[in-house]
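Side chains included, hydrogens not; waters and symmetry mates left out as well; all remaining heavy atoms used. Here is the naming used below: chain letters follow the sequence lines, and residue numbers restart at 1 for every chain.
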Amino acid sequence: MDTKLTTKPAKEGVKTMNQPVAARQSVYRVNDLNLWYGDDHALKDVNLDIKQNEVTAIIGPSGCGKSTFIKTLNRMVELVPIVRTNGVIEYHGRNIFDKDYEVEELRTSVGMVFQQPNPFPKSIYDNIAYGPRVHGVKNKKILDEIVERSLRGAAIWDEVKDRLNENAYGLSGGQQQRLCIARCLAIEPDVILMDEPTSALDPISTLKVEELVQELKKDYSIIIVTHNMQQAARVSDKTAFFLNGEVVEFDQTDRIFSNPSDKRTEDYISGRFG
Amino acid sequence: MNSSSNKSVRELIQQNRQQKFSMKNVMERFMPIVLFLCAFVSVVTTIGIILTLVLETRHFFEVVSIKEFFGSTNWYPLNSQPEYGIWPLVVGTLEITVIAMLVAVPIGLTSAIYLSEYASERARRVLKPILEVLAGVPTIVFGFFALTFVTPLLVKLIPGLAIYNALSPGIVVGIMIIPMIASISEDAMSSVPKKIRDGALALGSTRLEVALKVVVPAALSGIIASIVLGMSRAIGETMIVTIAGGSNPTALVNPLEPVQTMTAYIVQVALGDAGFGTIEYYSIYAVGTLLFVFTLLMNLLANWITRRFREEY
Ligand SMILES: Nc1ncnc2c1ncn2[C@@H]1O[C@H](COP(=O)(O)OP(=O)(O)O)[C@@H](O)[C@H]1O
Ligand SMILES: [Mg+2]
């Protein structure tokens, strides 16, 4: 843990270290997951155990199935009509592919932040209030509180508090992305999936989002796809290295980056391919 | 090997540029003039129409006062003491328009939501052309459809319904407008980016919630524009109301009774034997001008809405 290039205050780092890793509960248990786009075998026998209040990074070259995998965790991948899956993903012990598991229920507790910021073409306020409203929160006072809390949680409150009624598309790309994170927080999920959330952002916005990830892991479990290995090293506790749809290696982030056990992992992180 | 193939591309380009009077140069010089003339034809036509309307309308108002035209509720152009109060024709037109919109807006928008949010690629490929065929049906055919199919059907349902009434042509004008509303709204909804839908789905919204709470608001400017354009067509629609609406200008609102719209009046006079230069002859220009102003306002409104509320994604 000490070797990690972390940007968060030391105090919280200590807190995390005090918690014995083995005692952490599993959020997701992925068992022999296979996925096909038509005949294209995109995920092959994926097995992963994702723990609560950890940041899990997914790295790997372009086209190796990172996005596919993360979208499988909230079943967004099923929006592609030709997708077939096979295997088990247990979310808190329950298989998300069960016939009676409603995707809406799953996606309410598993939030997602996309590669391109995608706010709704509504006001900043309405962007945040959308989720709670859809799930039945109508009271204006409660909504006001949720909006403030979520925007604070995503470290963007001070920048937007005077312009809550302006259209979200007036914000910069980095602000839009933090707004999308806030929108996610508004329905108090349990897991946040992030698919290359900083790839469309400038370096300063990227840094802000990374700091935020560190902050958020106190309350949430985070799974983050990144093509940037320094980012994975900076923000994550565990790292999974994907290659051609397979998990080559999954371990503590510092071990992956200092002493990988697979030759292919070493080649990748030392920049020999991808 | 001829000599030019030994030249570099750069030399060839230079050589071509030096031929001042090449075909390319002639085209470049004259095409803009041709294009301008073509555009000019439609501008001149529009100006011509407006001028004719205004000039002939002036003759009308030399005899009938503006006060009578907008103040009286009697439209009796054929009486020995003719009265020219426009309200009955306006009421008839609005009655048809309102009935048409009550039919066209719900069905048109529902179709648009279905096509854009629910239909499979295959269903869309079949349904959109059908919708476009419906838009291409000549209005005279819709007129017969109103008189020979819809009216008899309505008479069975509503005892005492007059054979010529506002309801039947109103409904059929609505059917005629459905493709317009559906197709423009569908375009507006389909152009809402997928990433925005994904954002809503990822928050646990159902497809219906995504459609109604995200896509429809995001496409609102296009949707409203489609409705306004539909209204403009309903106001200007002629054949259907002439055939199935009767010719009874009345300021009383009763969709079960015969009406007369502005357009139907113009047809009636134009087909009749009102002599050139009579006040009856000039009256169609006055009505025509008002109709023109109505539809112009509608189109301007639609334009303004699309520009004012253009969505940024
Ligand atoms: N919508 C899709 N339809 C068909 N194939 C897809 C689709 N999305 C991804 N794939 C395929 O799945 C593989 C993994 O893609 P993806 O998960 O996007 O990779 P990554 O995010 O790691 O770059 C690629 O071979 C890609 O071509
Ligand atoms: Mg990807």
Among A:Arg133, A:Lys122, A:Glu105, single out the residue with the greatest number of heavy-atom pairs under 4.5 Å to chain B. A:Lys122

Quick one: does A:Asn118's side chain have a donor or acceptor within less than 3.5 Å of a partner on B:Lys195's backbone? yes

Does A:Arg29 have more than 12 heavy atoms from other residues, nucleotides or ligands lying within 6.0 Å of its CZ? no

Using atom types as modelled and distance alone, determine if a side-chain donor or acceptor of A:His135 lies under 3.5 Å from a backbone N or O of B:Leu203. yes

Using heavy-atom distances under 4.5 Å, tell me whether A:Leu79 contacts chain B through its side chain, its backbone, both, or neither. side chain

Honestly, the part of A:Cys184 sitting under 4.5 Å from a heavy atom of chain B is backbone

Nearest heavy atoms of B:Ile196 and A:Pro121, plus distance in Å: CD1-CD, 3.8 Å

Select one option (side chain, backbone, both, neither) describing which atoms of A:Pro117 are under 4.5 Å from chain B's heavy atoms. backbone

Which atoms form the tightest heavy-atom contact between B:Asp198 and A:Met76, and what is the distance? O-CE, 3.4 Å

Take atom CG in A:Asn139; do more than 12 heavy atoms of anything else shown fall under 6.0 Å from it? yes

In Å, rounded to the nearest 0.5 Å, how long is the span from CZ of A:Phe120 to CZ of B:Arg197? 11.5 Å

Would you find more than 12 non-hydrogen atoms of other residues, nucleotides or ligands less than 6.0 Å from B:Tyr118 atom OH? yes

Contact class of A:Val110 relative to chain B, heavy atoms under 4.5 angstrom: backbone

Between CZ of A:Arg107 and OG1 of B:Thr206, what distance do you get to the nearest 0.5 Å? 10.5 Å

Considering all heavy atoms of both residues, which atom of B:Gly199 and which atom of A:Phe114 are nearest to each other, and what is their separation? CA-CE1, 3.9 Å

Whatever's closer than 4.5 Å to a heavy atom in chain B on A:Val103 counts as neither

Other residues, nucleotides, ligands: >12 heavy atoms within 6.0 Å of B:Trp87 CH2: no

So which part of A:Arg183 gets closer than 4.5 Å to some heavy atom of chain B, the side chain, the backbone, both or neither? both

At what distance, to the nearest 0.5 angstrom, does CD of A:Glu104 lie from CZ of B:Arg207? 10.5 Å

Measuring heavy-atom distances to chain B, does A:Pro81 have an atom under 4.5 Å in its side chain, in its backbone, in both, or in neither? neither

Taking atom CG of A:Asn74 and atom CG of B:Leu201, what is their separation to the nearest 0.5 Å? 10.0 Å

Heavy atoms of other groups near A:Glu90 CD, more than 12 under 6.0 Å: yes

